[in-house]
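Beneath this line is the structure, given in C-alpha cells, with notes to follow.
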Amino acid sequence: MACPDAPVIDATASSDDFSAPLLAWYDRHHRHLPWRTPPAETKHGVLPDPYRVWLSEVMLQQTTVGAVQRYYLDFLDAWPTVDALAAAETEDVMRAWAGLGYYSRARNLKKCAEAVANDHAGRFPDTEAGLKALPGIGDYTAAAIAAIAFNRPAAVVDGNVERVVTRRAAMETPLPQAKPMIREIVANAVPDHRPGDFAQAMMDLGATICTPRRPACVLCPIGTDCAGRVLGEAERFPLKAAKIEKPTRQGAAFVAVRADGAVLLRKRPPRGLLGGMSEVPTSGWNARSDGVADASAAPFAAEWRSCGTIRHVFTHFTLELAVFRAGPVSRAGADGWWSGPADLPHEALPSVMKKAIEAAIPGATSKS
DNA sequence: AATCCGTGGGT
DNA sequence: TACCCAAGGAT
C-alpha cells in the first residue's frame, strides 16, 4: 500500500483512520478479561483458543461482562474443549446456563459444539462465512471470532462500536437504519495489522470511555477527531427509533411441597419464552395474554395459600405472578418431577422461577 | 422487517 | 421508581 519512503502521516491517512491512536490506547488501557489474550502476546502472534473466544462471545451477546465472568469460568471448568461440550448432556448445559438469560443461546451453544465436533473435526471454521453458518453465530459473533481468534480483518460491530462510530460521525441517522453505514465505516477502518485487537479496542473504548451516559471525552484517544465531541453533544448519539411500551401481564405460580421438602417441577416447551428450562406449575400466561391469577388454575386440588406477588421484567413485557404454596402434599407428579432441597439449587430454573420459589420457600434455591 | 427472546446493574 | 441498556440471533 504505502511506499516505504512515505512519511508516517501523509495524505493517505484519511480521517477514517483512527486505528493507530486507538491501538496505542488499547496497549496501555485494555481491560483484563479471562477470555482475552493481552496485546503484549497478540503482538507476538499468540492467538487465543477459538473455543474460548466463541464461548465468551456467545455469553456476551446482550449480556454484561460482569454477569458473564462466573458463568464463563464455570463452563470452561466443566467443559474445557468443544469436544467435551459436544459430548455433554443438554440438560447439564441448560442447568449451567440458568440465570444468564436468552436461553436459546444455550440450546444453540450445544448444537454449535456438536456441529464443530462432528462436522469440522473439532476445529472452528476460520472464516466469517464458515462461522456464520453455525447455530447461534450471527454477523457480530462471526466477525468477532474471525478477528480475535484468527486475526482476520473482519468488521466487528456491536453496541459499543455503534456508539463510538455514530458519535465520531455525529450521525443523525437513527438505529437500526444506520447499521449499514456503520458497518462500512468500520470495514474501512480495520487495520491490516492487529484486527482482533482493533475490535476489542473499540469495544473497550465504548465500555470505559465512550459510555452511553456521560462519556469521558477528555480521556478519549480519538481526541478531537470526533464530531460528537467537537459539537459538545456526544451523548446525544446514537439516535434510536422510539421504543414501544411494554405491557404488564398477570399470572400465577404454584409451589407444591412434599413432606421431605421436595418441590414439584416441570419442563417448559423446547422453544419460545424460557424454552427448554424448568419451572414450577403456572397458569397459562405469556407475553401476549394474561393467565389466571388465582388458585383456580392450580395443577391439582390442595390447600393453596397465597405467598404474595412477585414482579419480573422481561425484554418485552412485565409479569406479575401471584405465588401459591401447598404442602405437605402427597401426590405422584403427574407431569413433572419432585426436586429435593439438595437438587433444587442446581435445577435449570430461570430467575423468574427462582424468584417465585423463593417467595414460597425462602432460601430454597440458593446454592450451598 | 419487525418481533421475540432474560437478566441484573447503573443512574 | 422508572428507565436504560449490555460483546445479538433467529424467525
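In what follows, chains are A, B, ... by sequence order, proteins preceding strands, each numbered from 1.
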**OP:** May I ask you to evaluate whether A:Gln61 reaches the phosphate of C:dG8, defined as a side-chain N or O under 4.0 Å from OP1 or OP2?
**Re:** no
**OP:** May I have the distance from A:Leu273 (atom CG) to C:dT11 (atom C1'), rounded to whole angstrom?
**Re:** 16 Å
Original post:
When rounded to the nearest Å, what value does the distance between C1' atoms of C:dC5 and B:dC5 take?
Top reply: 15 Å
Subject >> Nearest-angstrom distance, C1' atom, B:dA1 to C:dG8 >> reply: 16 Å
**OP:** With the side chain of A:Thr64 defined as its heavy atoms from C-beta on, choose the nearest nucleotide among C:dC4, C:dA7, C:dA6.
**Re:** C:dA6
Original post:
In this structure, which one of A:Pro221, A:Pro191, A:Pro39 forms a side chain to side chain contact (heavy atoms under 4.5 Å, CB included) with A:Leu23?
Top reply: A:Pro191
Subject >> Nearest listed nucleotide, side chain of A:Asp139, among C:dG8, C:dG9, B:dC5 >> reply: C:dG9
Original post:
Is A:Thr63 near enough to C:dG8 that one of its side-chain N or O atoms lies under 4.0 angstrom from OP1 or OP2?
Top reply: no
Subject >> Spacing of A:Ile244 atom CD1 relative to B:dA1 atom C1', expressed in whole Å >> reply: 14 Å
Original post:
Does the side chain of A:Val165 come within less than 4.5 Å of A:Met202's, by heavy atoms?
Top reply: yes
**OP:** Remember a base hit wins even if backbone is also touched, and classify A:Leu33 as base, sugar-phosphate or nothing at under 4.0 Å, heavy atoms.
**Re:** base
**OP:** Apply salt bridge (Lys or Arg N to Asp or Glu O under 4.0 Å) to the pair A:Glu91 and A:Lys110, showing each step before the final yes or no.
**Re:** CA-CA 10 Å; A:Glu91 180 60 22; A:Lys110 183 68 165 68; over 6 Å; no
Original post:
Between atom NZ in A:Lys246 and atom P in B:dT3, what is the gap in whole Å?
Top reply: 15 Å
Original post:
Starting at CZ of A:Arg271 and ending at C1' of B:dT3, how long is that distance when rounded to a whole Å?
Top reply: 16 Å
Original post:
So, A:Glu320 versus A:Trp285: side-chain donor-acceptor pair below 3.5 Å or not?
Top reply: no
**OP:** Write down the distance separating the P atoms in C:dA10 and B:dG8, rounded off to the nearest Å.
**Re:** 24 Å
Original post:
Nearest nucleotide by nearest heavy atom, which residue falls closer to the 5' end of DNA chain B, A:Phe314 or A:Arg214?
Top reply: A:Phe314
Original post:
Rounding to the closest angstrom, what is the interatomic distance between C:dA7 and B:dT11 at atom P?
Top reply: 14 Å
Subject >> Rounded distance (Å) that lies between atom P of C:dA6 and atom NZ of A:Lys240 >> reply: 5 Å
Subject >> Pairwise C1' distance for B:dG6 and C:dC4, with rounding to whole Å >> reply: 15 Å
**OP:** Grab the CG-C1' distance between A:Asn286 and B:dT3 for me, whole Å please.
**Re:** 14 Å
**OP:** Mind running side chain to side chain contact (heavy atoms under 4.5 Å, CB included) on A:Leu100 and A:Thr63 for me, showing each step along the way?
**Re:** CA-CA 8 Å; A:Leu100 200 53; A:Thr63 309; 3.9 Å; yes
**OP:** Ignoring backbone atoms, test whether A:Thr141 places a side-chain nitrogen or oxygen under 4.0 Å from the OP1 or OP2 oxygen of C:dG9.
**Re:** yes
Original post:
Is A:Ala199 touching bases, backbone alone, or none of the nucleic acid, heavy atoms closer than 4.0 Å?
Top reply: nothing
**OP:** Scan A:Leu100 against the nucleic acid and name what it touches under 4.0 Å (heavy atoms): base, sugar-phosphate only, or nothing.
**Re:** base
**OP:** Pick base, sugar-phosphate or nothing for A:Lys243, based on heavy-atom distances below 4.0 Å to the nucleic acid.
**Re:** sugar-phosphate
Subject >> Separation of atom CD in A:Gln62 from atom P in C:dC4, rounded to whole Å >> reply: 15 Å
**OP:** Specify the residue among A:Ser104 and A:Arg213 whose closest nucleotide of DNA chain B lies further upstream toward the 5′ end.
**Re:** A:Ser104
Original post:
Is there a side-chain contact between A:Thr318 and A:His312 (heavy atoms, below 4.5 Å)?
Top reply: no
**OP:** Determine the contact category for A:Gly99: base if any of its heavy atoms lies under 4.0 Å from a base atom, sugar-phosphate if only primed atoms, P, OP1 or OP2 are that close, otherwise nothing.
**Re:** sugar-phosphate
Subject >> Crowding at NE2, A:His193 (>12 non-hydrogen neighbours, <6.0 Å) >> reply: no
**OP:** Indicate, with a heavy-atom threshold strictly under 4.0 Å, whether A:Ser56 touches base, sugar-phosphate, or nothing.
**Re:** nothing
Subject >> Below 4.0 Å: OP1/OP2 of B:dT3 and any side-chain N or O of A:His316 >> reply: no
Original post:
What nucleic acid atoms does A:Val352 come within less than 4.0 Å of, heavy atoms only: base, sugar-phosphate, or nothing?
Top reply: sugar-phosphate
**OP:** Please determine if a side-chain N or O atom of A:Arg163 lies less than 4.0 Å away from the OP1 or OP2 oxygen of C:dC5.
**Re:** no
Original post:
Does NZ or CZ of A:Arg95 lie under 6.0 Å from the centre of the six-membered ring of A:Trp79, at an angle within 45° of the ring axis?
Top reply: no
Original post:
Touch check for A:Trp97, heavy atoms < 4.0 angstrom, all strands: base, sugar-phosphate only, or nothing?
Top reply: nothing
Subject >> Atom pair distance, as rounded to whole Å: CZ in A:Arg70 and P in B:dT7 >> reply: 14 Å
Subject >> Along DNA chain C (nearest heavy atom to each residue), the more 5'-positioned of A:Glu57 and A:Asn108 >> reply: A:Glu57
Original post:
What's the closest nucleotide to the A:Trp35 side chain, out of B:dT7, C:dA10, C:dA7?
Top reply: C:dA7
**OP:** For A:Pro135, answer base if it contacts any base atom (sugar-phosphate contacts may also be present), sugar-phosphate if it contacts only those atoms, and nothing otherwise; contact means non-hydrogen atoms under 4.0 Å.
**Re:** sugar-phosphate
Original post:
When all nucleic acid strands are considered with a 4.0 Å heavy-atom cut-off, which category describes A:Arg311: base, sugar-phosphate, or nothing?
Top reply: nothing
**OP:** Quick one: label A:Gly66 by what it contacts on the DNA or RNA (base, sugar-phosphate, nothing), any heavy atom closer than 4.0 Å.
**Re:** nothing
Original post:
Is any side-chain N or O of A:Tyr103 closer than 4.0 Å to OP1 or OP2 of B:dT7?
Top reply: yes
